[in-house]
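By convention here, the first residue in the shown sequence is residue 1. Computed from a predicted structure; not experimentally measured.
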Amino acid sequence: SWFKGMNSSVYITRMVVEPFVRLHTLGISYLDGNRYDKIMSRALGFLDAQAIASYNRMKKWEKENKEKAYLGENELHYLYLNTPLPHALSKDGKDAVDFFMEHLEQQASRMTMYDKALACIILIKHGKKSEAKKHLQSLLEYTVYSDELGRYYDTNRAMYSWRNYRIPVQTLLMEVLYAMQKEELTVDPEKPAMATDQIRRQLCQWLLNQRRTQLWSNSSTIMDALYALLMAPKSELQVTVADKLYTKSEVTAKLSPKMPNEWVVNRDESSDSPMSWVSVSMKTFMPMSEVRQDTAHTGLKISREYYIES
């Protein structure tokens with residue numbers, strides 16, 4: 001149990017484990033010999049035991065009813081969380097994973113959009129990219145696009161829960177596209193195929209717009225959104241100056257020698273981590289007599305002091 005005097009919970013445990021698994025996916029290690037190592041070890045052991053128990057119940061149900069059992073959300077999330085970790089499984093644990101994977105391939109086409117996106121990620125991690133691509137195509141067919149909003153789901157079928165709006169489905173779809181890497185996908189049968197990177201940037205546009213309107217109003221939504229954004233490769237740093245787009249390779253101390261102003265872009269390149277700091281500043285020159293204080297619009301305060309040498 002995570003709280004004294006309360007029962008253990010698969011749901012709460014996977015909610016706690018998921019951020020650490022995602023940190024591992026981003027290349028950020030939390031296994032530093034401290035208490036988090038022990039907590040994760042116990043949590044994963046608990047999830048393993050619950051997955052094996054679920055596997056045994058499903059096998060028994062299938063034997064009694066002579067039909068296939070259906071994977072639930074806990075089984076799907078177990079596969080999602082277990083796949084990227086260097087986590088040793090017992091023989092029973094491996095049997096449970098194989099059993100769940102067999103059912104996943106057979107049932108993915110009948111899942112909700114959220115579960116189908118989870119299934120795509122799991123299939124890709126298990127080397128079944130062609131199968132995942134088929135289900136991804138189905139997910140994309142329900143999206144719509146506008147220049148202002150980006151690409152998003154305009155259907156209640158993409159709803160995850162009352163508290164998260166459609167953001168979890170959106171971010172999972174972005175994660176699928178990261179995992180799919182360089183592919184050409186048909187989103188609209190009447191238009192040419194699009195690259196996965198282009199589709200993902202359109203999804204990102206909607207996600208950032210929701211930050212302005214929905215506010216990503218709870219910790220679960222914030223973690224989903226930040227994870228989807230942090231998965232972007234370093235090469236996607238882009239800066240727009242004077243209506244021209246500059247990529248990371250073009251970012252220099254002075255972006256355009258023809259401009260009267262000097263734009264300086266600094267990025268921390270000291271680490272190979274996918275996360276880093278970026279700052280953009282501008283140096284400009286004008287006669288001192290033209291400099292004015294404009295606190296109403298910019299909050300900028302300027303003071304001048306003159307020193308006379310005698």
Is there side-chain contact between M174 and Y227, with heavy atoms separated by less than 4.5 Å? no
Assess whether side chain to side chain donor-acceptor pair (under 3.5 Å) is satisfied between Y178 and R200, documenting all intermediate values. CA-CA 8 Å; Y178 282 121; R200 182 172 46 74; 3.2 Å; yes
Is the closest side-chain heavy-atom distance between P19 and L23 below 4.5 Å? no
Taking atom CD of E184 as the centre, does the number of heavy atoms from other residues, nucleotides or ligands within less than 6.0 Å exceed 12? yes
Check the pair Q107 / L71 against side chain to side chain contact (heavy atoms under 4.5 Å, CB included), numbers first and verdict last. CA-CA 8 Å; Q107 298 171 3; L71 289 182; 3.9 Å; yes
By salt bridge (Lys or Arg N to Asp or Glu O under 4.0 Å), which residues pair with K91, not counting sequence neighbours? D95
Considering non-hydrogen atoms only, spot the tightest contact between L185 and Q137 and give its length. CD2-OE1, 4.0 Å
Looking at M111, is its backbone amide N or carbonyl O close enough to the side chain of D115 to form a donor-acceptor pair, meaning the two atoms are under 3.5 Å apart? no
Who pairs with E75 by salt bridge (Lys or Arg N to Asp or Glu O under 4.0 Å), at least two apart in sequence or on another chain? none
Yes or no on side chain to side chain contact (heavy atoms under 4.5 Å, CB included) for Q210 and Y152, after CA distance, side-chain angles and deciding distance? CA-CA 11 Å; Q210 296 313 297; Y152 61 102; over 6 Å; no
Among all residues two or more places apart in sequence or in another chain, which pass the salt bridge (Lys or Arg N to Asp or Glu O under 4.0 Å) test with K129? E183
With sequence neighbours left out, the residues meeting side chain to side chain donor-acceptor pair (under 3.5 Å) with Y78 are D48
Which pair of heavy atoms, one from T143 and one from L140, lies closest together, and at what distance? OG1-O, 2.6 Å
Under 3.5 Å, which donor-acceptor pairs link side chains of residues 39-46 to any protein atom two or more places apart or in another chain?
none

Identify, with sequence neighbours excluded, every residue that meets side-chain contact (heavy atoms from CB on, under 4.5 Å) alongside A69. M58, W61, E62
Might you point out which heavy atoms bring A96 and A51 nearest each other, and give the distance in Å? CB-O, 4.2 Å
Name of the residue among L47, L89, V17, V21 meeting side chain to side chain contact (heavy atoms under 4.5 Å, CB included) with N82: L89
Any side-chain donor paired with an acceptor under 3.5 Å for W2 and S9? no
Pair V169, Y142 - check side chain to side chain contact (heavy atoms under 4.5 Å, CB included), show working. CA-CA 12 Å; V169 181; Y142 286 93; over 6 Å; no
Partners of M101 by side-chain contact (heavy atoms from CB on, under 4.5 Å), sequence neighbours excluded? L79, V97, L104, I122, L123, H126, K128
Mind listing the closest non-hydrogen atom pair of M15 and S220 along with its distance? CE-OG, 4.1 Å
Residue pairs passing the ring pair (Phe, Tyr, Trp, His ring centres under 6.0 Å) test where at least one lies in residues 90-112, sequence neighbours excluded: Y55-F99, F99-H103
Any donor-acceptor pair under 3.5 Å from Q202 side chain to S146 backbone: no
So which atom in A117 and which in V176 form the shortest heavy-atom distance, rounded to 0.1 Å? O-CG2, 3.5 Å
According to salt bridge (Lys or Arg N to Asp or Glu O under 4.0 Å), who are the partners of K59, at least two apart in sequence or on a separate chain? none
Working for side chain to side chain contact (heavy atoms under 4.5 Å, CB included), residues W206 and I167: CA-CA 10 Å; W206 180 89; I167 288 177; 4.1 Å; yes
Looking only at side-chain N and O atoms, does Y70 offer a donor or acceptor that is under 3.5 Å from a partner on Q106? no
State yes or no: do M223 and M231 share one hydrophobic cluster built from I, L, V, M, F, W and Y residues joined by side-chain heavy-atom distances below 4.5 Å, directly or via other members? no
Applying the 4.5 Å side-chain criterion to the ILVMFWY set and letting contacts propagate, would Y153 and Y145 be lumped into a single cluster? no
Residues forming a side chain to side chain donor-acceptor pair (under 3.5 Å) with E18, sequence neighbours excluded: none
For N74, enumerate each residue passing the side-chain contact (heavy atoms from CB on, under 4.5 Å) test, keeping only those at least two apart in sequence or located in another chain. V10, R14
Does N7 have any side-chain contact (heavy atoms from CB on, under 4.5 Å) partners at least two apart in sequence or in another chain, and if so, which? none
For residues R22 and L26, determine if any side-chain heavy atom of one lies less than 4.5 Å from a side-chain heavy atom of the other. no
